[in-house]
Number of protein chains: 2
Amino acid sequence: LAAETTSPAFTITTGALLAHWQGHRRVTRRVIEAFPEDKLVSFSVGGMRPFAGMAFEMISMASGGIRGIATGDWATGQELMHHSGDPVPGTREALLRLWDETTDLIDSVWPRIPPQRFQEVDTAFGMYEGVIYGLLLYWIDNEIHHRGQGYVYLRALGIEPPAFYDRS
Amino acid sequence: LAAETTSPAFTITTGALLAHWQGHRRVTRRVIEAFPEDKLVSFSVGGMRPFAGMAFEMISMASGGIRGIATGDWATGQELMHHSGDPVPGTREALLRLWDETTDLIDSVWPRIPPQRFQEVDTAFGMYEGVIYGLLLYWIDNEIHHRGQGYVYLRALGIEPPAFYDRS
């Protein structure tokens, strides 16, 4: 999203934005839990990645992203966990542990971010220029996109996915 | 999203929100185009709906949704196209025509929506209470979610999907 300034504006509280992000992350965590462990790291459709790889990418973007938002110090694309050669966690428990560490990191860092930071233009991961709230929406959208793919994997495995609308 | 008022706020222009929505809708339109016509209305994985049904739901929520945002006059859930017994369009051209009519409807109605409307609480489709921008984000998220499923269908068909990141 560009920092578009020629039309009228409305306000969003930083708390609502955090709730939006963490609400989606709770749904995704339930998708990770819904996979049988072996399928989480091995099953795919159409030659795509197993869901563990997608979830690892989400963790990497979220943890590197919140650091960049809070400090202006961005990991480069190469340094992001999912590009750096760090292996995708091989067990559901290891993946959920990383997930929960990221959840705690976001919650602990968030109150220190000044609200005007969300309207600054920055270059995420040394590559993606945009206004901060737009960059964050991109990571959330990326998570929704891949989580939707995880829903297909679960359905193909005969497993009922968690409710999309339940962000609790 | 609840109308959360106890934390500091930042602003989003209505133009940026429109660009976000229509950018996603351009990607989804390319996904519709990427399907061979017979697969669009028949192919699925794991017992899910064909992508034409998902796209019809998106059209229904977007067209009913923009009307509700602009006028406060919401179609009920029963009246929404995808619940009312209206058939899913049986051809790609008919689906794209509905898609483009919705695009034009959104663009034509949008400038008449006062910015403060996005922060009002309303009950979408007689069922879903929330602040207007949060309701809109929900429809966008729902579109991203199902579009991600369409990507799996395309991959399973051996077709390269359009780039997720290209909203142009």
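Hydrogens, waters and symmetry mates are skipped; everything else that's a heavy atom, side chains included, is used. By convention in this document, chain letters (A, B, ...) are assigned in the order of the sequence lines, proteins followed by strands, and residues within each chain are numbered from 1.
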### Query
Salt bridge between A:D166 and A:R26, side-chain N to carboxylate O under 4.0 Å?
no

### Atom group of B:H24 that falls short of 4.5 Å from chain A, counting heavy atoms
side chain

### Task
Below 4.5 Å from any heavy atom of chain A, which atoms of B:Q149 appear? Answer side chain, backbone, both or neither.
both

### Task
Measure distances from B:R167 to the heavy atoms of chain A and classify the residue's part below 4.5 Å as side chain, backbone, both or neither.
side chain

### Query
Counting heavy-atom pairs under 4.5 Å to chain A, which of B:F118, B:Y165, B:F164 comes out on top?
B:F164

### Task
Heavy-atom pairs under 4.5 Å with chain B are the metric here; pick the option from A:H145, A:R155, A:H146 that has the most.
A:H145

### Query
Are any non-hydrogen side-chain atoms of A:E57 and A:N142 less than 4.5 angstrom apart?
yes

### Task
Answer yes or no: are there more than 12 heavy-atom neighbours, outside B:Y128 itself, under 6.0 Å from its atom OH?
no

### Task
Name the orientation class of the two ring planes belonging to B:W74 and B:W139 (parallel below 30°, tilted from 30 to 60°, perpendicular beyond 60°).
perpendicular

### Query
Hey, are A:R25 and A:T103 close enough side-chain-wise for a donor-acceptor pair under 3.5 Å?
yes

